[in-house]
Each structure stands twice: as structure tokens, then as C-alpha cells.
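Remember, it's a predicted structure, so these values are computed and weren't measured experimentally. By convention in this document, chain letters (A, B, ...) are assigned in the order of the sequence lines, proteins followed by strands, and residues within each chain are numbered from 1.
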There are 2 protein chains.
Amino acid sequence: MKNMVVAEYIDRLFTQFEPSLKEILTNNATLRDFKIGDMLMQTGQNMRSTVIIVEGTVKLYREGEDGQEFFMYYLQPGNACALSMICATKQQTSQVMAKAIQQTKALMIPIVLMDQLMRDYKTWYYFVIETYRTRFEELLFVIDNIAFKAMDERLAFYLKKQAADLSTKQLHLTHNQIASDLNTSREVISRLLKKMEQSGQIKMQRNYIEYLI
Amino acid sequence: MKNMVVAEYIDRLFTQFEPSLKEILTNNATLRDFKIGDMLMQTGQNMRSTVIIVEGTVKLYREGEDGQEFFMYYLQPGNACALSMICATKQQTSQVMAKAIQQTKALMIPIVLMDQLMRDYKTWYYFVIETYRTRFEELLFVIDNIAFKAMDERLAFYLKKQAADLSTKQLHLTHNQIASDLNTSREVISRLLKKMEQSGQIKMQRNYIEYLI
DNA sequence: TCTGCAGTGTGACTAAAATCACCAACATTG
DNA sequence: CAATGTTGGTGATTTTAGTCACACTGCAGA
């Protein structure tokens, strides 16, 4: 019974859901595996399911003209992709990219269920609203940083967020990746990182940054 | 009967709503007036109602440290404030500012109604979802511009959007206002506008820009 | 082991934007 | 109409970030 696996994820991550809601989800969700680098969503793609991450980490980003991956936020176990809910409901196409940066498992919930779930289950409705709210806030944060902060502050904030989101101070990042995430150039990042190392905020090695604060 | 006024607005702007939904809204919404410059929402404020604009225009912006009003988008008749829905539902505080830039009237819908409306009325539910979707997209657009575009492109886009949103090519803006909206300095805007005038995209007068394309 | 490439360091230069300084035009108000 | 404040124009300068060029260093694969 492969749905035992689904049921277990739902039980663990959504303790607040009513038993009958859990049952509906279990019976209708399919579990999908994504390897590192796999895309869950791409610009222009039409969504047919709402996506809920149950394992791993997914990076949401806006793609630049030269392939930059302007970082917005991560989705983690228990998070749903707000855009997959929105686009799914109205059959709209997505405006962003979502890529697995770890081995990831996600529940795919057919969009046809959305109306019924929203109507019948207050806990689901709250979950959806909360998803919108947190993602909206993340976007506002992104706007704040990019609109009002200089590069050094943005970098410091970026590293802090990485450490927090990935729950580790051992960051496996190249200067190039960071530059792409912040939409700047590698040299700028190298220089700023050096300053941060000199002031004791980080330690650097090849492909690796240790966040010390 | 002051609710006749409310009923009329709802009838005109929300033809898709079921009669009983319209009735509930009519009986529970209060109409509020805002003069130019009045705030509908402020950072840190706790929302107690969902706000639907029925007349006028409201500017949503992020406030900078020195009082800049970093422009995000306008709300117009028929639009609801996505944040007032989100914050209202969870009693969260708002992260942005909303200011009337025209004489504005708005329906205030008590948050206690939200759960019931979402559950009982599919048209309401769709309206809410659509509100989230369009505002989310607006934010993505803002991020796109600020992350990837240079000042001249941002300015051109800004003027275009003003003309489109306010349905007029006669823009009553000072260089200072524009600079504040784009979080740059007045001199930069003056110079770029001059270039745009020279290339025939706009015509300038004091406190006034005519968008020619 | 050697080779090549991805990752990093750094100086020099360029470009974009912010800041400073100051002036002129216009509007409002007493 | 004089005084004052707001708006806009413009040159000079500074700051920040982006670009170019090139060197160095590990690591992985032939």
C-alpha cells in the first residue's frame, strides 16, 4: 500500500487536519520524487496540482535574462507552493521557477479537489491562507532588501537566511551561486565575503562558507 | 437607508456574486470615506476588516527609512486589499502602507464574516483567490523590475503603469514623487525625464508629465 | 601523475547612480 | 508685491557596483 507513506507524511506534518481531511488527501495525493536540480515548476508552465513539500528543500527563484537565479525563498517540509495553489485554481501559468536543491518528495494534490477542501475544511482553508500570508511576507522582505539595502547588507542577510532556512552554519555555496542568487557579479561577492571574513563573521573554504554569528 | 448605497456598489462591481452573498455583504459592510492623503493601512497596524475599494484609488507602498514611499501597486474600485484579507484572517499586523491618492470610498467587511463567506460562497472564494493571485503577480513584477532593470527602464515602466492604472496620459507628478516611488534621487529622475522628453516619449511641464506613447 | 577546469583573488578600469552645490522659475501667502 | 517655499535644471564629484584581465589553487578525471 503506497498510500501508507502518504498518510504518514500527512499525519506527521499536519496534525491540525481533521481525520476526514487527512483521509481525502491520502486517497487523492500522489507522492513525487525530485532529485537535486529537478524542476518542480517553470515559468510559463501550467499547474495541474497543488504541491506540498514533505521532504527536502525547494528553491523558488525568478530567472534573469542570462540565467541568473534570483533567489526568493525556500520551501520546506510542510510548506505548500502558494503559486501552485493560485495558478492551479485559475489554470494560470506560473511566473517563477521552483527547483529541488535537496533530494525532495512532494505531495501532488489535484486541483479539482481545491474547491471542495476550501469549502468543507476550515483547517485546510487556514492552511492555504497561512501559506499565502507567509509567502507574501517573504516577497515583501525581498523587496525591502533589494530596494533599500546595499550589497553588503544584502549579502549578510542572505547568508543569515541560508543558515536559518537550511538549519546549518555550514553553507555549501560557491561565490558564483551567491552572485547569481543576488543578481550581481562573482567578483563583488568575493570581495564582500573577504571583508566579512576579516571582520570575523564567516570563515571561507573552497565551495564552503561557515557562518560564525 | 444608507445601505442602499452599499447595495448599489456591490451590485455594480460584483455582478458575479450570488444574491444572498450580496445581501450578507450589504447588511454587514460599512462604507468609509477617505480623503486624499488619508491612510487606509499602516505598518504595524492590526486589521479588523477586509477592505474593498469601491471608489477612488489607493496607493500601496513600502515605507523607506527616510520617508520614501516605494511604490508597489494601486487598488481601484472592485479590488480588495489582499493584505487586509490575510492579516485580518490571522489577526496579523500589516507590513505595508496604503494611502488614498484620490477621494476614495471603501467597504469594510468585518473579519468575523470571512470564514463563513469562504465556506458558503464559491464566488467569494474565487474573488479572494483572484485577489491574492493578482497582487502576488504585481509583487513579482516589482521584484523583476528592481532586480533586473536599470533606472531608465524602471522609470519608463513606471510612467507606463501610471498612465495605464490611472487611465490617463496626463500625469500629475513631481520629480520628487517619482524619485520617492522608485527610491532614487530627484536629480536622477530629472535627468532621465529630460532624455525621455528629447526622444519624444513624454512632454513635461511643472507638476505634470504627458505620456505620449 | 598530469591536465584541465571550476573556483577564487585582485588590480585596474568603466558605468551607473547618489550626493553636493547652486541657481532659476514659479506658486502661494501674508 | 515682497517673501518664502516648492519645483526643476545642471555641473562637479563621490560612491558603489559591474566589467575586464589575468593569476593562482585545488580537485577530478584521463
Side-chain angles (χ1 to χ4, degrees), chain A residues 36-37 64-71 101 143-159 162 170-199 201-211, chain B residues 36-37 64-71 101 143-159 162 170-199 201-211:
Chain A
I36 292 177
E65 282 121 52
D66 316 322
Q68 304 99 304
E69 301 187 350
F70 187 82
F71 177 69
I101 62 157
I143 290 178
D144 247 25
N145 278 311
I146 193 172
F148 297 120
K149 316 277 187 201
M151 213 57 213
D152 54 347
E153 269 186 286
R154 287 178 58 201
L155 176 59
F157 183 79
Y158 171 86
L159 293 176
Q162 294 290 319
Q170 327 284 314
L171 305 175
H172 297 277
L173 297 163
T174 71
H175 299 185
N176 248 320
Q177 278 173 266
I178 300 175
S180 168
D181 281 357
L182 297 176
N183 192 46
T184 180
S185 67
R186 199 258 317 158
E187 295 93 319
V188 170
I189 296 299
S190 287
R191 285 176 186 131
L192 290 175
L193 282 176
K194 196 183 172 190
K195 275 190 207 166
M196 290 183 76
E197 184 167 50
Q198 284 167 350
S199 71
Q201 299 176 71
I202 56 167
K203 257 191 199 169
M204 285 196 280
Q205 288 169 39
R206 193 186 173 83
N207 292 317
Y208 173 85
I209 293 168
E210 188 177 352
Y211 190 68
Chain B
I36 292 178
E65 281 121 51
D66 317 322
Q68 303 98 307
E69 301 187 352
F70 188 82
F71 177 70
I101 62 156
I143 290 179
D144 247 25
N145 278 312
I146 191 171
F148 297 120
K149 316 277 189 201
M151 213 59 215
D152 54 349
E153 269 187 284
R154 287 178 57 200
L155 176 59
F157 182 81
Y158 171 86
L159 293 176
Q162 294 290 319
Q170 326 285 315
L171 305 175
H172 297 278
L173 296 164
T174 70
H175 299 188
N176 248 321
Q177 278 173 266
I178 301 175
S180 168
D181 281 357
L182 297 176
N183 192 46
T184 179
S185 66
R186 199 254 319 156
E187 293 94 318
V188 171
I189 295 300
S190 286
R191 286 174 185 131
L192 291 174
L193 283 176
K194 196 184 173 190
K195 275 191 204 163
M196 290 184 76
E197 184 167 51
Q198 284 167 351
S199 71
Q201 299 175 74
I202 58 167
K203 255 191 199 169
M204 283 195 283
Q205 287 168 40
R206 192 186 173 81
N207 291 318
Y208 173 84
I209 293 169
E210 190 176 352
Y211 189 67

Identify each donor-acceptor pair in which a side-chain atom of residues 171-179 of chain A lies under 3.5 Å from a protein atom, sequence neighbours left out, and give them as a table.
| residue | atom | partner | partner atom | Å |
| --- | --- | --- | --- | --- |
| Thr174(A) | OG1 | Asn176(A) | N | 3.4 |
| Thr174(A) | OG1 | Gln177(A) | N | 3.0 |
| Thr174(A) | OG1 | Gln177(A) | OE1 | 3.4 |
| His175(A) | ND1 | Ser190(A) | OG | 2.8 |
| Gln177(A) | OE1 | Thr174(A) | N | 3.1 |

Before giving the answer on side-chain contact (heavy atoms from CB on, under 4.5 Å), spell out for Ile36(A) and Ile101(A) the whole-Å C-alpha distance, their side-chain angles and the decisive distance to 0.1 Å. CA-CA 5 Å; Ile36(A) 292 177; Ile101(A) 62 157; 5.7 Å; no
Test side-chain contact (heavy atoms from CB on, under 4.5 Å) on Asp181(A) and Phe70(A); report intermediate values, then the result. CA-CA 4 Å; Asp181(A) 281 357; Phe70(A) 187 82; over 6 Å; no
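Of all non-hydrogen atoms in Met204(B) and Glu197(B), the two that sit nearest each other are N-OE2, 2.9 Å. Pairing each heavy atom of Gly67(B) with each of Ser180(B), the nearest pair is O-OG, 4.4 Å.
Atom CD1 in Ile189(A) sits roughly 15 Å away from atom P in dG7(C) (whole-Å rounding).
Using modelled atom types, one side-chain atom of Arg154(A) and one backbone atom of Leu182(A) make a donor-acceptor pair closer than 3.5 Å. Gln68(B) places a side-chain N or O within 3.5 Å of a backbone atom of Asp66(B) that can act as its donor or acceptor partner.
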Between the protein and nucleotides 14-17 of chain C, are there any N/O to N/O pairs under 3.5 Å, and if so, what are the atom names and distances?
| residue | atom | partner | partner atom | Å |
| --- | --- | --- | --- | --- |
| dA17(C) | OP1 | Met151(B) | N | 2.8 |

So if I define the base as every atom that isn't primed, P, OP1 or OP2, how would nucleotides 5-12 of chain D read as a B/S/- string at a heavy-atom cutoff under 4.0 Å? -BBBBBBB
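A distance of 15.5 Å separates NZ of Lys203(B) from CG of Leu193(B), quoted to the nearest 0.5 Å.
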